[in-house]
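Contents: one structure, followed by commentary.
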Amino acid sequence: MNEYDPDTIEKKWQDKWEDLKMHHAKVDEDKDPFYIIFAYPGISGYLHLGHMRCYTYTDFIARYKKMRGYSVLFPAGAHPTGNQVISFAKRVAEKDPVIMDYLRSNGASEKDIGKLSVPEGVIEFFKETYIKEWKNFGLHIDFSHFTDTSREDYSSFIRWQFKKLKDKGLLTQKPYYAPVCVSCGPVAVDPSETDLSQGGNAEVQEFTLLKFRFGERYITAATLRPETVYGQTNLWVDPDEDYVIVKVQGEEWIMSSPAMDKLSYQTEEIKMVGRISGRDMIGKNATAPVIHRDIPILPAKFTDPNIGSGIVTSVPSDAPYDWIALEDLKKNHEMLSRYDLQDIVERVNPIPIIESKEWGTNPAERIILEMGINSQAETDKLEDATQRIYKAGFHSGTMLESCGDYAGMAVQEAKENIRNDMLASREAIIFRDLSEEVICRCGEEVIMGKIPDQWFIRYSDEKLTEECKEHVKDMSIRPDSYANTIPETLEWFQDRSCARMGNWIGTKFPFDDKWIVEAISDSTLYPAHYVVAKHYNRGSFQAKQMTEDFFDFVFLNEGSVEDVSDSTGIPEDTLLEVRRDFLYWYPLDINLGGKEHMTVHFPVFLMNHVAILDRSHWPRGIMVNWYLTMTGGKISKSKGGADPIPDVADRFGIDTLRLYYAHSASPFVDKEWDEKEVFNYRKRLGHLWRMVHRIKEMNGSPGPVDGYLRSRFNRHLARAMDFMDSYSIRKSANVIFYDIAAEFEWYFKRGGENGELMDELGEKWVNLMSPFVPHMADELGSLWGIEYVNSSLLPNVEEEAISDNIERQETYLKGVMEDIRNILDIAKVAGNCIHIYVTPEWKVKVIEKVLSEPERGMGLMSGLVGELKAPPKELSKFLRRTLDEHRANQETLKNSVAIKELDILEKNIDFLEKEFDTSVKVYLASDEVYDPDNRKDKAIPGKPAIYIQ
RNA sequence: GCGAGGGUAGCCAAGCAUGGCCAAAGGCGCAGGACUUAAGAUCCUGUCCCAUAGGGGUCCGAGGGUUCAAAUCCCUUCCCUCGCACCA
C-alpha cells in the first residue's frame, strides 16, 4: 500500500475527468433533472477560501445528486457588472503599489499584469483565474454553460427581462436620493467598501433644515430632532466663519459654503448671491420656525461648516452640547462683552419640552451633571450623553405642555408630525447628508445627490409580494431560520433602483441609453440564461438574433417556432432544442449563496422569477452559507487578508479542504479559519486511506460479527443519504467519515475478517465518500476496478440487513466490557480472572410479565409467586423495581430481555480474555457456582454481575 | 429600536422539534501507555468532582415553573452575533 499522497492523485483525476467530460450535463429524459447554481462572483479580485466554502457545498450536492441518479446541471459564470472592474483597471494603470503587490503575491505574472490596465483585460483575466480555481477544487461544473454579465448574449437577455418587467407594469421612475460620487455617479456606501476608498461606515442622515426668518433672508439650521423645535432658545453661529447667502426657491438662505455645495446636488436651482460673516449675525434675532418666537444668535465654536448648514439651533433642555455651550458662554465675560451679549444671555434659559422616565424634563442638564462633563471640549462624553438622551426620549418620552398641539404625544409620533407639518408650511426642507466623509475609489468626494428620474423595479407590488410569500412556503429553504424570515423580507422589500449612470459596466437600459442596468438587477433570472448560454457558446446563433421573440419563445412559450425562426433567422430545430433544454432543466432546484444575499439577491431572484416566468418554473430551493472568518472579520476579496488559494491547496490537498468545509462546521455558522484544524482533516484522510486498503486486503472467512457490521453499515448508509437529501451536509459527512469508520474499527477489533463482506462494504463506503472527496474516492475506487466512482450510483440500503436484535447483542457486549473496565478502574486491581454471572431466568420472566400487563402493577405479584421459583422477598423487590423502570424507560427494559445473554457471553469468552488479558468465566446466576464475594444475586437482565479476582 | 439566530464540559461542536437508554456523540487539546527514533507520524487508554466493585454528587448562560422525570417544554432575566437596503 502506498501512502496517501493528494499531490499526485488530485491532478491525475482532474485531468481524467476533463478528458472524459465527466462534468458535462446531459439532457436525459430517462433521468430526473437536478439544477443547482451558486451565486456567481462579482469580479473584483481573486477568490478566497470563503468563496470556496460556498462553491464546495454546491459541489457536494451536485455530485451527490448525480450519484443518486439525477442528471445534474451545475453551471457557473461571473458578474463583472459595476465599476469595480473599472477602478481595478485604473489602479493597475496607475501602478498603485497595493494592487501590484496584491497581484504579484497571488501569482500573477508581469505579462498578466500588463493586460490588466483596461477593464476588458481585468474581466478576461479573472474569468480565467476563477475557472482555473474552480477546476482545481474538483468542482463538478459544466463550463459549456459559462457566461458573464458583460457579454452580448447576456445583455440581450437582460434587455428582454426589462421589457418583460415594463410590460407587467413593474418598472417606474421617480426621484431618488443616493450616495453619489461627484465624478463616477452613484456608489454603494457599505462597510466592505467595494466602491470606496474611505467612509464605508457612513450612514445616510436625514436632516430637517429649519428656516429662521432673519430680516428679508432666512438663516438655516439643520437638525436630526425636529421634535425639539419647541425648546429652541437661540442659534449658534461661529463668529469666525464666513457663511454664504444662496438663492433657493426664490428666497435667500444663509448657510455654510459646504452646505451649499451639498444642497446643490439635492435641489434644482441654487445660486450663491453673497456672503455674510458669522460675526455680523451675532447678537441679532431670528424668528424660529413653528414657535414663531424671536431668538438671539449667539457665538459658539463647536459648530462645523461640514455638518448640516454650519449653524445650529440650540435646545439646551435636551441637547447636552447646547446646554454646556450656553453655560460656557455665560461664564465667558470676555466674549459677552465683546458682542455686548450680557443682557441677552441672561434671558436664555432651557425650556422643558420632553419628559422621559429615565431623564425627567431637563435631560441635558441632568446627564451633564451625572456624567461630570465640564466643557464643550469633552466631545466623546457629550456624544454619548446625546445618544443616551435621544434613545430614552425617542422610545419612552412624551411631549410636554410647552409643545402646543403636540403636547401629550409620544416623541416618536411627534417627531414625524412636526417634521411633516414644517415641510407643509415651508418652514423646513429635507436635507440629506452622510454621517462621515466618504471618498470614492476614484478619489473624489461622495455626497448625497438627487436623481429626479431614477428607474425602479416595483418590488413593492402587492400582488407580486403575495405570490412570492405564498411560493416560498413550498420551497426548500435552508437554514430554517431563513425560511422563517424570508416572507418578512419580501414584505419589507421596497422598490429598488435598477439602473444607474456613469462609469459602469453592464447592459444598457433598453428604454433609455443614458442608463445602465445596475448590479443586483441584472442578476436575478440568470439561471435561465445559463441554459441558453450553452447554445450561444456553441455558436448556434449570434447575440443580435437573441431578440424579444427569441426569449419569449424559449422562456415563455410564446409565438410559433416558424414565426420566431423567421424573425430571428435561427433554425427551427435550434429553437426547439433550446426550448427543450429550458423545459428540462427548469425550475432551478437550488440557488446557493452567502448570507449577504439574504436581504438582497435572494429576494430579487425570487421576485423576478415569479414576476416573469410561469409558475412551473419558479425556483424550488435556496441554501445560504455563512462566512469563513479570519481573526474576527469576514474575509474580503477587495481588502485581501486571505492566503492565495493555490498555496493553501498545495499544502493540504483539495480533498482535505473539501472535508474541512463539509465537516468542521455546519454551513449555517461563521467558521474561523484554522490551519491546525485543516491539518487534522488531512490526517483523517490518511487514516481512512489506510483503513480502506486494509479493508480491501482482508480475505478471511465469515464470522459472528458480520451481521452486526452489515446492519450498522446499512443503517448509517440510510442516515447519510437522508441527511444529504435535506442538505445537512455536516451531519452526512460525520456519518460517512466518522461513524462508519468507527464501525469498521469495532469489526476489526472483534476479529472480523470476512473478505467478501469487506469487499462489498468497502466499495459502498468509497462510493459514499465520493461527493465529498472525489479525488481520493476515485483513487481508492481503482482498488475495486471502478473507473470513475462519481459516475456510479450510491448503493441501495438493504433494509433487511438492519436488525435491532443483532445490534442489541453487540451493544450488550460493549456494555459488559464497559462495566468491567469501570470496576478495574475503581478497584485498581489487576484482575487475573473475571467471573460473569448472568441473570437468573425468573427475573427475565418478571420483566416480560410487566411488559405484557403493566397496568396490573404490584397485582402481578400473586400470580408470579406461584409461577416462578424465586425467593418471595426478592421477587417483590425486583417487581417493584421493574415497575418503576417500566414507567421511566420501556425501551431499556425491552432490550434487556430481548437477547440471550449467556449465549452471547459464552461465544465471546475468547474476545473478552484477549481484551482484558485475563481469563474469563461465565455462569448462570441461578446455578450453584463459584461465587466467593456473593455477587451473583446482583445480576439482572441486561446487566450481569461481575466479580474480578 | 425593530426583526432573526444563539449561549452545552479546556476549546470546537452534536443533542433540543417527538422530555426518560444524556455525565451529554464526534473532533481538537491534554495526560498515560505502545511503537519507533522520527513525523505537525501511527495505535491503544483516559480526560466534570468524589469513591480500592460497576456507586454517589454536581452540570448544558442565570432564576423560576410544569412533570414521576427537563440540556430538551413554559415564563422571567442577562449576554453575544447578524440584518435593517441600494454592496454578487
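Lettering follows sequence order; numbering is per chain, from 1. What you see below is based on every heavy atom in this structure, not just the backbone, and it leaves out hydrogens, waters and symmetry mates. Quantities reported herein were computed from a predicted structural model and do not represent experimental measurements.
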With rounding to whole Å, what would you report as the distance between [N] and [M] at their [atom1] atoms?
N: B/C60; M: B/C73; atom1: P; value: 15 Å
N: B/G61; M: B/U81; atom1: C1'; value: 15 Å
N: B/A51; M: B/G57; atom1: C1'; value: 11 Å
N: B/G56; M: B/G65; atom1: P; value: 26 Å
N: B/U72; M: B/G63; atom1: P; value: 13 Å
N: B/G55; M: B/A23; atom1: C1'; value: 14 Å
N: B/U76; M: B/G83; atom1: P; value: 27 Å
N: B/C21; M: B/A69; atom1: C1'; value: 14 Å

Reckon [X] touches a base, only the sugar-phosphate, or nothing at all at heavy-atom distances under 4.0 Å?
X: A/Asn680; result: sugar-phosphate
X: A/Ala78; result: nothing
X: A/Trp492; result: base
X: A/Ala39; result: nothing
X: A/Arg821; result: sugar-phosphate
X: A/Asn934; result: nothing
X: A/Pro603; result: nothing
X: A/Ile946; result: base
X: A/Phe668; result: nothing
X: A/Glu818; result: nothing
X: A/Tyr482; result: nothing

Heavy atoms from C-beta onward define the side chain here; which of [options] lies closest to that of [X]?
X: A/Arg690; options: B/U42, B/A88, B/A53; result: B/U42
X: A/His597; options: B/A53, B/A88, B/A4; result: B/A88
X: A/Glu596; options: B/A25, B/A88, B/G5; result: B/A88
X: A/His79; options: B/C86, B/G26, B/A88; result: B/A88
X: A/Tyr738; options: B/C86, B/A4, B/G26; result: B/G26
X: A/His601; options: B/C87, B/C28, B/A88; result: B/A88
X: A/Lys595; options: B/C44, B/G5, B/C82; result: B/C82

Could you state the [atom1]-[atom2] distance from [X] to [N], rounded to the nearest angstrom?
X: A/Arg458; N: B/C86; atom1: CZ; atom2: C1'; result: 18 Å
X: A/Leu490; N: B/A85; atom1: CG; atom2: P; result: 17 Å
X: A/Ile820; N: B/U45; atom1: CD1; atom2: P; result: 15 Å

What about the rings of [X] and [Y], do their centers lie closer together than 6.0 Å?
X: A/Tyr530; Y: A/Phe146; result: no
X: A/Phe38; Y: A/Tyr57; result: no
X: A/Tyr660; Y: A/Phe652; result: no

cation_pi([X], [Y]) dist<6.0 Å, angle<=45:
X: A/Arg690; Y: A/Tyr4; value: no
X: A/Lys174; Y: A/Trp455; value: no
X: A/Arg53; Y: A/Tyr627; value: no

Would you check if A/His601 and A/Asn591 make a side-chain contact, meaning some heavy-atom pair closer than 4.5 Å?
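They are in side-chain contact.
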Would you say the side chain of A/Glu488 and the base of B/A4 hold a donor-acceptor pair, judged only by whether the two atoms sit under 3.5 Å apart?
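Between B/A4 and A/Glu488, which were checked side chain against base, a qualifying N/O pair under 3.5 Å is absent.
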Hey, does the side chain of A/Lys938 come within less than 4.0 Å of B/G55's phosphate (OP1/OP2), counting only N and O?
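Result: no.
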Less than 4.0 angstrom between a side-chain N/O of A/His687 and OP1 or OP2 of B/C43, yes or no?
yes
If a protein heavy atom is under 4.0 Å from the base, mark B; if only from the sugar-phosphate, S; if neither, -; do that for nucleotides 31-40 of chain B going 5' to 3'.
---------B
What string of B, S and - do you get for nucleotides 10-23 of chain B, 5' to 3', when a contact is any protein heavy atom under 4.0 Å?
--SSSS----BB--
With a 3.5 angstrom cut-off on both distances, give the Watson-Crick or G-U wobble partner of B/G26, or none if there isn't one.
B/C12
Out of A/Leu905, A/Ile834, A/Val922, A/Thr918, which residue meets the side-chain contact (heavy atoms from CB on, under 4.5 Å) rule with A/Leu912?
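It is A/Leu905, the one option of A/Leu905, A/Ile834, A/Val922, A/Thr918 that forms the side-chain contact (heavy atoms from CB on, under 4.5 Å) with A/Leu912.
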